[in-house]
Amino acid sequence: MSPHQLYEHFRGDYQTHDIGWSEELAGIVLQAWQRRFVQLAQEALPENSSQQIHAFSSATLDDVLHAFSEVSTVRVVGGYLLMLAYACVTMLRWDCGQSQGAVGLTGVLLVALAVASGLGLCAMFGIAFNAATTQVLPFLALGIGVDDVFLLAHAFTKAPPGTPPQERVGECLRRTGTSITLTSVSNMVAFFTAALVPIPALRAFSLQAAVVVSCNFAAVVLIFPAVLSLDLCRRHHQRLDMFCCFSSPCSAQVIQILPQELGERTIPMGIAHLITTVQAFTHCEASSQHVVAVLPPQAHLMPPASAPLASELFSPRESTRDLLSQEEDSRQKAPLQPPPRACWDLARFARCHFAPLLLQSHTKGLVLVFSGALLGLSLYGATLVQDGLALADVVPRGTKEHAFLSTQLRYFSLYEVALVTQGGFDYAHSQRALFDLHQRFSSLKAVLPSPATWEPRTWLHYYRNWLQGIQAAFDLDWASGRITHHSCHNGSEDGALAYKLLIQTGNAQEPLDFSQLTTRKLVDEEGLIPPELFYVGLTVWVSSDPLGLAASQANFYPPPPEWLHDRFDTTGENLRIPAAQPLEFAQFPFLLHGLQETADFLEAIEGARAACAEAGQAGVHAYPSGSPFLFWEQYLGLRRCFLQAMCILLVCTFLACALLLLSPWTAALIVVVLAMVTVELFGVMGFLGIKLSAIPVVILVASVGIGVEFTVHVALGFLTSQGSRNLRAAQALEHTFAPVTDGAVSTLLGLLMLASSNFDFIVRYFFMVLTALTLLGLLHGLVLLPVLLSIVGPPPEVVQMYKESPQVPTPAAAQEGRLRWGASPSLPQSFARVTASMTVAFHPPPLPGAYIHPSSDEPTWSSAATPTANTSGNPSTRGSCPATA
């Protein structure tokens with residue numbers, strides 16, 4: 001019984017006239033009754049009984065879904081605290097000038113506020129909240145938003161030396177704005193595309209995720225740069241990181257001076273690849289408020305090593321910007337020992353260990369073989385994915401509700417459905433088509449056949465059989481003379497009802513015709529009700545046969561009018577029976593059985609749809625209704641919708657990357673990697689036993705947008721670097737390894753709280769799938785994509801602006817402490833390294849106060865020592881590299 005039926009049943013009753021009876025109140029009463037019924041059924045047996053009673057109702061399902069949709073404050077707060085702690089720890093440094101712990105905390109809080117504002121906008125727009133919104137979206141959106149925070153913070157600290165403080169934010173956005181915009185746009189496109197899935201709850205989740213991502217993007221791009229500027233002022237005034245009200249004490253530290261492009265007053269860079277590397281160790285003297293750093297004089301020329309990548313970029317020791325490996329003789333010299341300090345970070349690990357290992361030839365081969373094997377294994381796992389989502393998967397395990405659903409699915413598997421007929425056709429003249437529709441539907445394999453002893457299960461059968469019953473009573477009364485043309489007082493109740501029906505003409509001008517008593521029947525020989533009598537008899541049946549009406553479960557709309565029968569009242573008004581209005585809604589109930597797997601449900605649904613389609617050709621508009629059609633019909637076109645959404649999304653991602661990166665080549669590589677991530681995630685679902693439903697489809701579609709977070713930064717770093725493909729791939733890893741890894745770890749920390757959910761559905765379908773997505777994105781973004789770029793990557797977008805020269809400094813000149821020019825007899829014309837020492841002194845504040853302090857041991861470089869170079873091809877006219885901190 002529905003709340004509307006309960007309301008109609010007690011409307012006007014004396015028991016409800018003084019309580020403000022309404023349909024809403026009827027729903028509350030019905031739910032309370034259902035909960036009490038379930039409770040009494042479960043308590044009917046003693047605890048030590050060997051029998052079990054399982055009870056379930058629609059109110060029980062509503063309670064489960066309500067608990068499923070509640071926001072867990074403990075999990076949300078715990079996830080955000082984990083994110084705050086990780087952001088603070090990863091950005092803290094021993095050097096107060098480089099520490100950004102407060103920036104990390106502020107960034108996470110900013111993203112949290114952006115998520116809250118996005119959900120508020122969704123509520124204002126009227127997008128309904130559901131379980132996916134409350135259980136998953138806060139953690140997923142926080143993990144995605146913090147990725148951009150890490151990228152901006154990392155790029156801000158890696159600004160080129162000599163950049164004025166007022167230009168640091170602009171330089172940071174210039175370097176990272178494109179990738180942040182591209183990832184955010186891709187995420188928004190991904191979630192908007194996921195809204196194409198024809199499931200209302202999942203469509204709402206996708207729209208909410210898109211709005212939240214847009215709010216994250218606005219907050220990170222518009223507000224977080226201001227936070228970075230304030231932190232720069234804090235460092236300029238030498239304030240503590242987490243406690244900016246206190247001054248930072250001066251402590252021993254290593255100042256690493258970054259190599260810069262050489263100008264016209266220094267050694268011109270031709271075929272010789274010259275890198276100036278300076279490492280200054282400073283300390284603060286009590287007598288003077290200066291920070292002084294001195295290096296002993298040394299200058300030497302290093303031939304290239306045998307490994308091309310190592311000779312171009314990497315060194316196992318020395319400073320963080322030493323780009324060449326050391327020769328054996330240089331290792332024997334006494335190295336400068338810095339004070340003890342924590343100098344390891346992800347960028348150093350990527351530069352000194354990860355990239356050299358990854359970009360070796362045999363490692364590339366192993367990566368390609370492993371990726372191919374993983375893709376093949378995933379394709380096999382994709383064949384294991386089955387469609388479906390049982391209701392028992394949503395209910396928490398170990399509960400009474402889960403026990404009922406599991407038992408029902410295992411032993412009973414009965415589902416009550418209804419065949420609903422709509423308006424738009426004449427029921428009175430379409431009785432044969434209605435009977436044929438019922439017969440066709442009853443012949444389906446999944447429909448439980450009615451035993452011969454059962455009463456018919458359609459309202460039209462009940463209605464016709466009732467008319468045949470009162471017709472038989474009339475015939476007996478007529479034959480015995482108890483009913484005549486002018487009186488039915490002596491007849492039976494049923495005979496009197498038939499008497500009143502038989503004289504009805506359906507004509508408003510002449511509604512009664514007593515001559516029809518012997519010339520017509522209430523049901524003709526073909527078992528059909530006369531059309532002119534159909535709606536008049538429907539009024540009498542509904543008012544006179546409540547048990548038959550209730551058994552038929554017809555749910556007529558509009559409901560026929562009430563009519564009271566009195567066989568002793570034969571006045572004109574009592575003889576006139578009001579006809580019911582033409583029907584716009586009625587239903588036939590059925591029972592489906594033997595439905596265990598999704599394929600069984602789909603077969604039943606397709607058969608029911610085919611039966612309704614055939615009835616539609618006869619003019620009867622009908623459709624099936626019930627829980628199997630509500631929950632399982634999505635799988636008829638789910639894979640088609642998924643493939644359609646994926647194709648649209650990949651095309652949109654390609655166009656967005658090609659337009660923003662101005663490189664279709666790079667966009668194609670990104671799309672290939674993203675497609676591999678989606679396919680492999682689909683295979684992982686098969687091995688985990690996760691069935692394909694609307695929720696995994698949304699995650700699979702969103703995986704393209706989330707995967708962009710792991711790929712675009714590396715691709716953009718590759719495009720904006722110079723040198724060989726290996727060198728550019730290594731530089732891209734050096735600049736993006738740390739923020740991409742931090743973003744992945746932050747996402748995993750946000751998802752970690754989902755593992756503690758009481759709902760196994762949340763753990764398996766959200767936590768496990770999203771965790772696998774994050775790990776696959778990290779693997780493909782930092783391992784496979786750099787390898788592909790180093791092999792088939794596009795040419796750089798940045799080209800050298802100086803003119804190449806075939807001259808390099810000779811080793812003899814370097815060893816004498818001065819620089820001479822000439823052709824190198826021993827080195828190939830590839831590159832060379834010059835390490836020059838200098839003495840640097842710093843006056844506080846460290847920004848921008850830095851100057852060169854001359855030393856008697858330092859060789860003097862003058863323009864006379866530098867050969868005149870043709871600078872026509874070199875538009876750069878910067879002077880010698882300044883020492884910066």
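These values consider heavy atoms only, across backbone and side chains, with no hydrogens, waters or symmetry-generated copies.
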Sub-3.5 Å donor-acceptor pair from the side chain of [X] to the main-chain atoms of [Y], do we have one?
X	Y	answer
T505	P511	yes
Q634	S693	no
R482	G495	no
Q581	P558	no
T539	A580	yes
Q553	W459	no

Which of parallel (below 30°), tilted (30 to 60°) and perpendicular (above 60°) describes [X] and [Y]?
X	Y	result
F514	H486	tilted
F435	H461	perpendicular
F590	F441	tilted

Kindly compute the distance separating [atom1] ([X]) from [atom2] ([Y]), expressed to the nearest 0.5 Å.
X	Y	atom1	atom2	result
L528	Q431	CG	CD	5.0 Å
L502	Q471	CG	CD	5.5 Å
L384	I690	CG	CD1	12.5 Å
L501	K521	CG	NZ	14.0 Å
L638	L692	CG	CG	5.0 Å
F37	L30	CZ	CG	12.0 Å

Determine, using ring centers only, whether [Y] and [X] are less than 6.0 Å apart.
X	Y	result
Y635	F601	no
Y463	F534	yes
W466	Y462	no

**Item:** Verdict with supporting geometry, V542 and W563, side-chain contact (heavy atoms from CB on, under 4.5 Å)
**Value:** CA-CA 9 Å; V542 169; W563 178 78; over 6 Å; no
Contact between [X] and [Y] at the side-chain level, heavy atoms closer than 4.5 Å - yes or no?
X	Y	result
D477	S492	yes
D436	V620	no
F556	E584	no
D494	F474	no
L517	I503	yes

**L467 and L533: CA distance, side-chain angles, deciding distance, side-chain contact (heavy atoms from CB on, under 4.5 Å) verdict** = CA-CA 11 Å; L467 288 178; L533 191 63; 5.8 Å; no
**Asked** With sequence neighbours excluded, what pairs up with R639 under the side-chain hydrogen bond (donor to acceptor under 3.5 Å, both in side chains) test?
**Response** D387
**Request:** Apply side-chain hydrogen bond (donor to acceptor under 3.5 Å, both in side chains) to E493 and list each qualifying residue two or more places apart in sequence or on a separate chain.
**Result:** H565, R567
Heavy-atom closest pair, residues [X] and [Y]:
X	Y	answer
S552	P589	O-CD, 3.4 Å
H593	K445	NE2-O, 3.9 Å
S544	L497	OG-CD1, 4.0 Å

**Message:** Is a donor from one side chain sitting under 3.5 angstrom from an acceptor on the other, for T421 and Y427?
**Reply:** yes
**Prompt:** Around F585, counting heavy atoms of other residues, nucleotides and ligands shown, do more than 12 lie under 6.0 Å from its CZ?
**Reply:** yes
**Request:** Only pairs at least two apart or in different chains count here, so list each side chain to side chain donor-acceptor pair (under 3.5 Å) that has a residue in residues 595-604.
**Result:** none
